[in-house]
Structure formats: C-alpha cells, structure tokens
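Each remark here refers to the structure printed beneath this line.
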Amino acid sequence: MTRTPTMTRTMTGAMTPAMFITKKAIPRRAFLRGVGATLALPLLDSMVPAFASAAETAATRPDRLSIVYVPTGMVMDKWTPAAEGAGYALSPILETLAPFKDRMVVLSGLALKNADALLPGEGAVGNHSRASATFLSGVHPKKTEGADLEAGRTMDQIAANELGKQTQLSSLELCMEGDLVGTCEAGYSCAYLNTLCWRSPTTPIPMETQPRAVFERLFGDSGSTDPAVRTARIREDRSILDSLVEDVARLSTGLGSTDRAKLNQYLDAVREVERRIQMAEEQSARELPTLERPVGVPSTFAEYAKLMFDMQVLAYQTDLTRVITMMVAREQSALAYPEIGVGDPHHPLTHHNGDPAKIANVLKINLFHMGLFAHYLEKLRATPDGDGSLLDHTMVVLGSAISDGNLHLHDNLPVVLLDGSGKIKGGRHIRYPQGTPLANLYLNVLDAVGVRMDSLGDSTGKLDLLSV
C-alpha cells in the first residue's frame, strides 16, 4: 500500500497536490481551470478508492434522469406494438430502438386528463398549451394570456432539487425550436408552449436553444471577472482547452493507461463539440437564418439535435448535472424537415383529416425524431461510467403529451422508459387501464433515482409491474 501524490481541488478551484491511500486519489469533484474555462473531469478509475466497498463504489455512480419530449403525438398505429408482455414485436416507429429493447419498457394506456378542457370557458382551443404545461406535472394549468401563469411544479425539478445538491448545475432545460412571444392559443400565454419545466406553480423555466450558451454554461468560467476573455478566445478561434494544456499534461502523467484513454476520449469529445458549434456560428454569420432556426445553430436539424444530445452526454459524463429535460420541438411546432423530404410544418401536418400523404409525412417526422433519440442512447451506451456506461446509470423517459395529433387526444400516450440499472425490468410492452395517470409513472421514476414522492399532480399511486 503506497501513498500516491495526486491532484485535488482547493477552495479557489486550483489543482494542488494531496496525499491519499488510494489508486491515484483524484477526488470525484475535480476541475481544471484555465483562462475563461472550467473543465470538469469525467469519472476515472483513479477516483475510486483502491479498497472501496461496494457501497462506496456505487456512490461514484450517480443516479441520473433524462426527459426527452417529442411534440404533437405520433402516428399511433405505427407506434403501438400489437402484442403485450416480453414477447412483443417492435412497431415500425420503435424499430429504430431495437438495440435497446432489452432495457426498454413501452407503456400504453397512460393519460393526461388535466391537459383536457375541464373548466367553463376553456373550450377546444388550448390543447397544445395544456399539453406542455401538464406533461411533467399532471396539474391543470390556468387559462391566461397575462403574467399570472399557474401550472404545477414538474417532476424534473423535484428530482433536480435533490440530485442537484451534488452537482454544479441542478438541471439543464433544452429545446431545439425558438420561443414564441405573446398569445399562441386563444386565451393562453406562449409561456405554456415554450417550456416543460416549472420550478414552482408560478415559475416556468426558460429552455435554452443556443448551443454556444449551453457549451459556455458547461465549460465556461462563470466566475471570470473579464467576459471579454472568452469573447476574444472565440474570435481567435481558440479552444477552451488551449489554456489547460499544461494542467492536462501534468494530470495525465499520473494516470494509468485506462484513465489516460478515458481522459483523451473525453477531451476529444469536448473539442469536437466546440468545433461543431464554431462551424454553425460561421454558417449563421454568412447566411440569414430562417425564422424557425435560432442564430448559431447547425444548418440541418439532425446536426443540431446531435450536437445538443452530445452536450447532454458530456454534462452527465462530468457530473455537472444529473437532470436534463429536452424538447425536440415545441407543441404547435412550426418546424419543417426538408432534409428528410418534408417541406410543410409539423403541426399543420398532424391535422391531416385522414389524408394519406400528410400521414406519411408525419410518420417520416416520427421516424426521424426516433432516429435522433437512438443516436443519443447510443452515445450514452458508448460512454464509460464507472463499471458500466452512462446508459447503465441513467433513467430515460421519452414521450409526448398528445397521442393522436389530428384529434388532440391526451390519452393512450406514446411513452417509453429505458433503464439499464436493473431497477426496472426492460424488454416489455405493458398496457395499463385506459386513463391511468401519466404521473403514476413519474412516482416510479422518481423513486428509482432516489427521490421519494407520495403523490404528483393527478397521480393515484405508483404503477404496478414496473419493479423487478
């Protein structure tokens, strides 16, 4: 047994020598700081004590929660598997997720009754606003066009309140379609469409659409007294890693070959993400962006989505946050997808009235979104995390608050749950009684990530059959 000099973090964030009886004794919360940059390190073998117990080792593998939202429902007869139980065959839309079937649960029968028009004067208008506001809370939102918004605290923020105690960022909220301003559906503020996440019943959380803003939030030095330093670095086309070269080299010399490989893989990923952001910004500078696309994002939606998903992977890998919610697009989405041959906006297409050509285009969009989700899952699976991968230690929920977009239905919702930890048994299609609250599922999910809740929104209790 030897005492190995290594690096730990001081109160100022600098890396300094320390002595521990461990493999290499690098603390889990280790950062490298440069000019205008703060680089959190991923989980390395050297961060796990040499003689750690199973409980100590498990403590280095945090529970994580990922919510991915797809708007305006699905072509449900192409989504819902025909059979139930473990022997089910994947439907055409879910076929893209075949590599993850063993850890995936397809859930049918769940509903958001509080997204329906329930009160006098609400009428049929507002289905999309209520869908967004209710999806993660199960609480019926107040109909208002003003600032007196009211919905419900969402399950992601409940999780973030607990899991965020251990991380630099309590949560990330991302979207790939710009915000709307004013009144979007008669009587409803656009705020209901622009986010899924509510810190309190009266406090919606903005969702970030700009890749640069997300990147700087993760890796920029928020404590810098001179923001011009980062601006100059960007203009000079220098990487955030440039000012960290010496510290990275010093750290690498004390690592074993496995840890050096992990560190190099991580640094390459950071460098590649930054390069893609810079390319998108250069593209935006040359061309006037479309109204649907925020400035500084990649020219195709696939590139944009993969970039945003890849930054989520980096955020989990470095334990900067353990809770991320992403809207692939907003309800009432105005996005078109010419790259897959769909030139009409998504939302109007969902009001197809049985037109086979429009249904075919909606199906193309559904398949496209699921392919991007599969990219995200594959990145999580390919990224080492302790004795497994990020996917092994992340609870992932994908769903929509609408099933049939043509009819604005909020029941029998398209929902899948992925869990590689073994807490929830995968490889099944489970059908619950029609009208079972979606919030019931969230009680199971919160419990699986270590957050205990007796009720949420319109929940009636945890779902049966999910636990192994």
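We use all heavy atoms of the structure for the numbers below, so side chains are in, but hydrogens, waters and symmetry mates are not. Quick caveat, the model's predicted, so the values are computed rather than measured.
Every residue two or more places apart in sequence or in another chain that forms a side chain to side chain contact (heavy atoms under 4.5 Å, CB included) with Ala111 is listed here: Lys113, Asp411. Residues passing the side chain to side chain contact (heavy atoms under 4.5 Å, CB included) test with Thr436, sequence neighbours excluded: Leu110, Tyr432, Pro433, Asn440, Leu463. In terms of the side chain to side chain contact (heavy atoms under 4.5 Å, CB included) criterion, residue partners of Ala40 (sequence neighbours excluded) are, by chain and number, Phe31, Thr318, Leu320. With sequence neighbours excluded, the residues that form a side chain to side chain donor-acceptor pair (under 3.5 Å) with Thr203 are Ser200.
Checking side-chain atoms of Arg217 against main-chain N and O of Leu172 turns up no donor-acceptor pair under 3.5 Å. With hydrogens and angles ignored, the 3.5 Å screen pairs no side-chain donor or acceptor of Arg322 with any backbone N or O of Arg64.
Listed by first then second residue, pairs satisfying side-chain hydrogen bond (donor to acceptor under 3.5 Å, both in side chains) with a partner in residues 89-103 read Arg103-Asp392, not counting sequence neighbours.
Residues Lys423 and Asp447 are not paired through a salt bridge, judged by the lack of any N-O separation under 4.0 Å between the basic side chain and the carboxylate.
With Thr325 as the partner, the side-chain contact (heavy atoms from CB on, under 4.5 Å) test is satisfied by one option alone out of Val397, Ile205, Ile67: Ile67.
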Check the pair Leu65 / Met155 against side-chain contact (heavy atoms from CB on, under 4.5 Å), numbers first and verdict last.
CA-CA 10 Å; Leu65 175 61; Met155 60 87 75; 4.0 Å; yes
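Below 30°, between 30° and 60°, or above 60°: for Phe368 and Phe301 the angle between ring planes is between 30° and 60°, a tilted geometry.
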Sequence neighbours excluded and cut-off under 3.5 Å, please list the side-chain donor-acceptor pairs for residues 343-351, or say none.
from: His346; atom 1: NE2; to: Thr72; atom 2: OG1; distance (Å): 3.1
from: His347; atom 1: NE2; to: His128; atom 2: NE2; distance (Å): 3.0
from: His347; atom 1: NE2; to: His351; atom 2: NE2; distance (Å): 3.1
from: Thr350; atom 1: OG1; to: His347; atom 2: O; distance (Å): 2.5
from: His351; atom 1: NE2; to: His408; atom 2: NE2; distance (Å): 3.3

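In this structure, Phe135 has its ring center no closer than 6.0 Å to that of Trp198.
When all heavy atoms of Pro211 and Val297 are compared, the pair lying nearest together is CD-CG1, 3.5 Å.
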